[in-house]
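Please read the structure below before turning to the comments.
Letters A, B, ... mirror the listed sequences (proteins, then strands); counts begin at 1. In this text the structure is predicted, and so the values were computed from the model without any measurement.
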Amino acid sequence: MNINDTRISDRPITSDLFKPNLAKRYNLDRVFAFFAWGATTIAVAILAWLLITILIDGIGTLNWNFIDSFASRKAERAGIKAALAGTLWVMGVVAVFSFPLGVGAGIFLEEFSEDNWFTRLVEINISNLAGVPSIIYGLLGLAAFVRILGPITGGRSVLAGGLTLVLLILPVIIVSTREALRTVPDGIRAAGFALGATRWQVIWNHILPAAMPGILTGMILSLSRAIGETAPLLAIGAASFIAFTPNGLQSSFTALPIQIYDWVGRPKKEFHDLAASGIIVLMTVLLLMNAGAIYLRNRFQQTR
Amino acid sequence: MTVQSPTTQSQSLWRPNRDRSRLIQSVVKFICGAFAAVSIVTTLGIVATLLFETISFLQEVPIWQFLTDRKWTPLFASKEFGIFVLVSATVMISVISILVAMPLGLLAAICLSEYATPRTRKILKPVLEVLAGVPTVVYGYFALLTVTPFLQTFLPNLKGFNSISAGLVLGVMITPLVASLSEDAIYSVPQRLRDGAYALGTTKRETIVSVVLPAALSGIVSSLILAVSRAVGETMIVTLAAGANPTLGLNPLVPVMTMTAFIVQVTKGDAVHGSIAYQTLFAVGTTLFLITLALNIFSFWFVRRFREKYD
């Protein structure tokens, strides 16, 4: 409404027309604030509920035998040795492949790229890939790595599983690498060029060392995401009952989340407790990785 | 003491060799470009594999049958391929989850951005990040073995596998996504908008509801759409807690089967390449991919179209 439509003096200004009604509005405010805090509290409470349930269920069966035994049909003898070894092997593959691929792509997009069709295409692809469900990557891994490249990867193997997860976390690594590179001040680049260095010499000798803590932080967080991924490994057909540790890249394998999934799906209560113990191990590993990432980030921020 | 002539020293020690440096640079640039191209290859790979097997599938099963059958029994002797059975389960669970995540995530975002002190915010944000980082198989355990028995004390008719428990836990899983993306949007609304509202005599709630939230609307809506897309594609919670029983209908108390649960069921059972089961896998994958792609594109478009720009 235009304020000039009615002249203020035309309207009778009496106290019964303008009712601020503050008491009621402040009461509504309190209700609203209560709900906002309530929602946050509920989210935190659910996290606590989840963690405490799992601790209570799983702590009883968590011992060294559990870590050092293979899967078994008898709950009291079953353990996660094969799963833990499989997870370590797969994560090794993921780290070895995704680090150069992700950092290289990040450097290309942030330092080398000109604004042309190729760069734009890559950027559109990365943002789209980040939204593709992980099980679709599993189907890609099944068709590409297990079947078509089967002679190289050895079918449902450590290598096939690792490469599938590499594709899954690559967009995350690229994005975090770019953010880390962006935090390096442009003055360093300008100084390098002024001394006659090529772009690559500046990147290799100055930008990368400065950005490395940030890149490593992103890398650790991406790996911690890959460790918990279950669906893609299920889709490529990682076995759930394996009584040996992998002995090579072409070896078949199981992984910690797969083992947990298998145990949760069984009807007996004993296996559910084993699953909870497995979850405690998995969450501990995740927590350590996240703590490492936070430590790196803080050190980096202090020294800058 | 003899001083060497500067010219000989510079020739022996300083060799710029710019040609070599430039060559190395172009080689490195090419390699990095090739690494960047992996993302294009991945997209092409996803589209090609899905399309290839889906076309073979559609040669066996006509598309109208795929879209209109009312049963889903591709692994039985009498095969019927009504994708709608799986889609309805996915939609129902996603709707339940967003009904949880929308109020919870949005209110948490408002709380973090508008009500919490910087100190509280600094503690609460990492807690939400932990909630977001919990592996989905853990949420599956929680839904099947904790939430379902808990709900059964109120709902005696609740089956061991059901979509309400899966939907609720899925909602908890996507809440941090809604909260952190919405919080970014709400936090970035300029302070002068709030000050202007306060100057007009509004209370804090009125400022938030009528000024801050509309200003942040594009970010909030896109975070909700991304959360729905995440819920549609989520696998472990629904596979563990919602069961593997393809039923058409919107009863949240009985076992159902989502698209992702079907993919897990088939891949677990060693589908032979070339069999109809293997092709069905990719047909379902294509449907899932198209739904999430549409949601993601819609979310990007919404942000671009409705973003309020300040400064």
Side-chain angles (χ1 to χ4, degrees), chain A residues 25-26 28-29 32-33 35-37 39-40 42-44 46-47 50 53 101 104-105 107-109 112 121-122 125-126 128-129 131-136 139-140 142-144 147 167 170-171 198-201 224 228 230-231 234-235 237 257 260-261 264-265 272 275-276 279 282-283 286 290, chain B residues 21-22 24-25 28-29 31-33 35-40 42-43 45-46 49-50 103-104 107-108 110-112 115 124 127-128 130-131 133 135-138 140-142 144-146 172 175 203-206 229 233 235-236 240 260 263-264 267-268 270 273 281-282 285 288-289 292 296:
Chain A
R25 285 161 65 200
Y26 277 134
L28 276 176
D29 266 38
F32 188 75
F35 274 107
W37 281 107
T40 316
I42 288 172
V44 176
I46 290 174
L47 180 65
L50 187 149
T53 314
L101 278 175
I107 289 175
F108 179 82
L109 291 173
F112 281 131
L121 188 64
V122 170
N125 266 296
I126 288 171
N128 274 335
L129 283 176
V132 173
S134 60
I135 191 128
I136 300 287
L139 289 182
L140 172 67
L142 178 66
R147 214 174 53 73
L167 296 186
L170 213 46
T198 62
R199 192 168 273 273
W200 170 242
Q201 285 168 330
S224 79
T230 322
L234 275 180
I260 294 168
Y261 165 78
V264 175
H272 297 166
I279 290 174
L282 180 64
M283 298 280 282
L286 286 181
N290 279 290
Chain B
S21 303
R22 287 217 183 94
I24 292 176
Q25 158 142 329
V28 168
K29 186 176 173 183
I31 293 175
C32 286
F35 287 174
V38 168
S39 69
I40 302 177
T42 309
T43 307
I46 288 174
T49 48
L50 290 178
L104 218 54
L107 282 170
I110 291 170
C111 176
L112 282 178
Y115 285 101
L124 284 176
V127 172
L128 280 182
V130 172
L131 206 54
T136 53
V137 69
V138 179
Y141 174 97
F142 187 59
L144 179 67
L145 300 175
T146 308
V172 172
T175 295
T203 66
K204 186 160 194 170
R205 166 188 55 89
E206 289 160 350
S229 154
T235 310
M236 298 321 296
L240 280 170
T260 49
I263 295 176
V264 168
T267 49
K268 245 176 34 173
D270 226 13
H273 169 66
L281 196 62
F282 285 84
L288 179 64
F289 180 71
T292 53
N296 292 339

Heavy-atom distances under 4.5 Å only: say whether [X] touches chain A with side chain, backbone, both or neither.
X: B:S229; answer: side chain
X: B:L281; answer: both
X: B:V172; answer: side chain
X: B:Y115; answer: both
X: B:L145; answer: side chain

Can you tell if the side chain of [X] reaches within under 4.5 Å of the side chain of [Y], non-hydrogen atoms only?
X: B:I46; Y: A:L129; value: yes
X: A:N128; Y: B:T43; value: no
X: B:F142; Y: A:I46; value: yes
X: A:L28; Y: B:E206; value: no
X: A:T40; Y: B:L104; value: no
X: B:K29; Y: A:F108; value: yes

Open item on the list: Between A:T230 and chain B, with a heavy-atom cut-off of 4.5 Å, which part of the residue counts as in contact: side chain, backbone, both or neither?
Closed with: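 Contact with chain B: backbone and side chain both.
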
Task: Region of A:L47 that comes under 4.5 Å of a non-hydrogen atom in chain B - done: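 For A:L47, backbone and side chain are both near chain B.
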
Greatest number of heavy atom pairs closer than 4.5 Å to chain A - which of [options]:
options: B:G33, B:G140, B:G133, B:G45; answer: B:G33
options: B:V264, B:V130, B:V138; answer: B:V138
options: B:V38, B:L288, B:T136, B:L240; answer: B:L240
options: B:V28, B:V127, B:T235; answer: B:V28
options: B:L131, B:L128, B:I24; answer: B:L131
options: B:S39, B:A37, B:G233; answer: B:S39

Open item on the list: Quick check against the 3.5 Å criterion: does B:Q25 have a side-chain atom that pairs as donor or acceptor with the backbone of A:R199?
Closed with: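 Answer holds: yes.
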
Open item on the list: For B:T203, is there any backbone N or O sitting under 3.5 Å from a side-chain donor or acceptor partner on A:D29?
Closed with: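 No, A:D29 side chain to B:T203 backbone: no donor-acceptor pair under 3.5 Å.
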
- [ ] Under 4.5 Å, counting heavy-atom pairs only, tell me which of A:V44, A:I107, A:V264 racks up the most with chain B.
- [x]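 The candidate making the most pairs under 4.5 Å is A:V264.
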
